[in-house]
Amino acid sequence: MSTAGAIPPYELYAIRYATNRKRTRGQNFIFEAQPETLQPMDFYSWVAIGEAGTFVIDTGMARAKAEKHGHDYLHCPIDSLRLLGVAPEQVERVVITHLHYDHIGNVGALPKARFELQKAEMDFVVSPFMQKNWCRRAYEVDEISHFVELLHRDRLVLHGPDKQIAPGLSVHLVGGHCAGQEIVRVWTRRGWVVLASDALHYYEELERGVPFTVAFNVAEMLTAHDRMRELAESDAHIVVSHDPLVSERYPPARPDLAGHILRLD
C-alpha cells in the first residue's frame, strides 16, 4: 500500500493530556458482559510535522470541562506542543475530527489557526437532533458557539466527505460516533497511518468488531472499521483515540516525555 512516492513523510505524535481511571467497561461497550470491570480511558490529541507544514489534529479538552466530566487533567495539549518545538501562536492549520468537548476545548490557544471540519458535523450540531439528549450529551454549547463565530470570521473551512489537506495528509468522513466523525490518513516513514480519532476509542473495538457506547449510527461505526483498514498500511498502523495501550505500543518522543508525548511514525 506504500504508494506515496516522493511525498516527504511526516513526523507524527500523540499527546496524552488527560485520563480517567474510574471508567468501566459498561460505559464503553454496548451489551458488555462485565459492565462493572474497570477499563481506564486516556485522552489524546495529535500533531503531524513535515515539509508541508505543521498540522494540529484536535485540540483536546479544556481543564474546566475535564473537571466537569470527571476526568483527570494532566497537561494542556496545546502547551505541550512547545516540547516538540512548535509554537502554538504560530500554528496555522488545525484539523478538527468532530466537535465533542474533548476534541475542541483549546481552540482559543491557537490565535493564527484556520480550522478544517466536516460540513456534516456542523450540520449535525445545529440540527433537530440536538433536541435529543442522547445526541447532544458530548457537546458543549459554548464551544459549538465558538465554532459558529470562527465560521463567520473566515477561520473555519467546512469540507467533506474526503479532502486532501496537504500532500500526504487527508481526511475521510466515516460517521458513526457522530454524524460528522472523520478519520485522518498520514504518510509516515513506516507507511500510511490512520488516526482513528473517535471512530475507535479502544483497540478492542477493532479486534472484536464491536461498537462504542456513544454512537449516532451503529452501522456506520462498524463499517468505519472497514474504511480504516482500506486506508491504513495494516491494523498496526491504525491509532485509536482513548486506549491506554497507545502509551504501551508507541515509544516516547524523548525519554523525558514518556507517558506524555508518543512517536507514532
Side-chain angles (χ1 to χ4, degrees), residues 1-2 4 9-20 28 39-50 54-61 74-75 77 80-81 84 86 94-98 100 102-103 116 165-166 168-174 176-178 181-212 214 221-254 257-265:
M1 188 186 293
S2 300
Y10 289 88
E11 297 176 5
L12 186 61
Y13 300 91
I15 300 173
R16 176 176 173 267
Y17 69 88
T19 190
N20 186 328
N28 293 334
Q39 188 176 39
M41 172 176 278
D42 282 349
F43 296 79
Y44 299 88
S45 62
W46 307 272
V47 59
I49 301 172
T54 295
F55 299 86
V56 172
I57 300 156
D58 291 344
T59 71
M61 65 182 145
L74 304 174
H75 316 274
S80 295
L81 292 173
L84 296 172
V86 175
V94 179
V95 173
I96 299 295
T97 64
H98 62 302
H100 283 172
D102 56 322
H103 293 258
E116 298 269 357
I165 303 296
L169 195 154
S170 58
V171 295
H172 307 271
L173 176 67
V174 293
H177 179 60
C178 53
Q181 177 69 62
E182 70 180 15
I183 58 178
V184 184
R185 189 189 197 210
V186 185
W187 177 246
T188 72
R189 292 182 303 172
R190 68 185 184 109
W192 288 109
V193 171
V194 168
L195 300 175
S197 180
D198 283 4
L200 286 173
H201 290 69
Y202 292 89
Y203 286 107
E204 188 175 341
E205 293 166 52
L206 185 66
E207 293 161 357
R208 292 175 52 213
V210 296
F212 190 72
V214 181
M221 185 173 280
L222 294 175
T223 57
H225 298 185
D226 302 326
R227 183 62 172 145
M228 285 182 273
R229 284 177 161 140
E230 291 173 359
L231 293 172
E233 204 82 19
S234 71
D235 282 10
H237 290 72
I238 298 172
V239 182
V240 304
S241 63
H242 289 283
D243 200 326
L245 286 175
V246 172
S247 294
E248 298 181 18
R249 296 186 180 187
Y250 292 95
R254 297 194 311 259
L257 297 178
H260 181 183
I261 302 180
L262 310 169
R263 190 79 182 254
L264 305 178
D265 60 318

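A quick note: this is a predicted structure, and the numbers were derived from the prediction, not measured.
The closest side-chain heavy-atom distance from E116 to V171 is not below 4.5 Å. Side-chain contact between H260 and L74: absent, with no pair of heavy atoms (C-beta onward) separated by less than 4.5 Å. A heavy-atom distance below 4.5 Å is not found between the side chains of I261 and V47. No side-chain heavy atom of Y13 sits less than 4.5 Å from a side-chain heavy atom of W46. Put simply, the side chain of L206 does not reach to within 4.5 Å of the side chain of V240, judged on heavy atoms. Residues L195 and L12 form a side-chain contact, since some pair of their non-hydrogen atoms from C-beta on lies under 4.5 Å apart. Looking only at side-chain heavy atoms (C-beta outward), D42 and V246 stay at 4.5 Å or farther from each other. Counting heavy atoms from C-beta outward, D235 and R229 have side chains that approach closer than 4.5 Å.
Residue Q39 comes nearest to Y202 through the heavy atom pair O-OH, 3.3 Å, listed as atom of the first residue, atom of the second, then distance. Between D265 and E11, the closest heavy-atom pair is OD2-CA, 3.5 Å. Minimum heavy-atom separation, I183 to A196: CG2-O, 3.5 Å. Nearest heavy-atom pair, D58 versus S45, reported as atom, atom and distance to 0.1 Å: O-CB, 3.4 Å. Minimum interatomic distance between Y250 and L262 (heavy atoms only, all atoms of both residues): O-CD2, 3.9 Å. Residue V174 comes nearest to A199 through the heavy atom pair CG2-CB, 4.0 Å, listed as atom of the first residue, atom of the second, then distance.
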Before giving the answer on side chain to side chain donor-acceptor pair (under 3.5 Å), spell out for N28 and H242 the whole-Å C-alpha distance, their side-chain angles and the decisive distance to 0.1 Å.
CA-CA 11 Å; N28 293 334; H242 289 283; over 6 Å; no
H75/I15 under side chain to side chain contact (heavy atoms under 4.5 Å, CB included): CA gap, chis, key distance, verdict
CA-CA 9 Å; H75 316 274; I15 300 173; 5.9 Å; no
Hey, mind stepping through V194 and H237 against side chain to side chain contact (heavy atoms under 4.5 Å, CB included) and telling me if it holds?
CA-CA 6 Å; V194 168; H237 290 72; over 6 Å; no
Apply side chain to side chain contact (heavy atoms under 4.5 Å, CB included) to the pair S247 and Y44, showing each step before the final yes or no.
CA-CA 10 Å; S247 294; Y44 299 88; 3.2 Å; yes
Take I96 and T59 through the test side chain to side chain contact (heavy atoms under 4.5 Å, CB included) and record every step on the way to the result.
CA-CA 8 Å; I96 299 295; T59 71; 4.3 Å; yes
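Side-chain contact check for D198 and S241: at least one donor-acceptor pair (N or O, by modelled atom type) lies under 3.5 Å.
Judged by distance alone, the side chain of R16 and the main-chain N or O of G259 form a donor-acceptor pair under 3.5 Å. Side chain of T19 to main chain of M41: a donor-acceptor pair is present (N/O by atom type, distance under 3.5 Å, no hydrogens or angles). A donor-acceptor pair under 3.5 Å links the side-chain atoms of R190 to the main chain of L264, judged by distance alone.
Taking the six-membered ring for Trp and thresholds of 30 and 60 degrees, H201 and H177 have ring planes more than 60 degrees apart, a perpendicular arrangement.
Here the straight-line distance linking atom CZ of R185 with atom CD of E230 works out to 10.0 Å at 0.5 Å rounding. For the atom pair CD1 of I238 and CD of E205, the computed distance is 11.5 Å after rounding to the nearest 0.5 Å.
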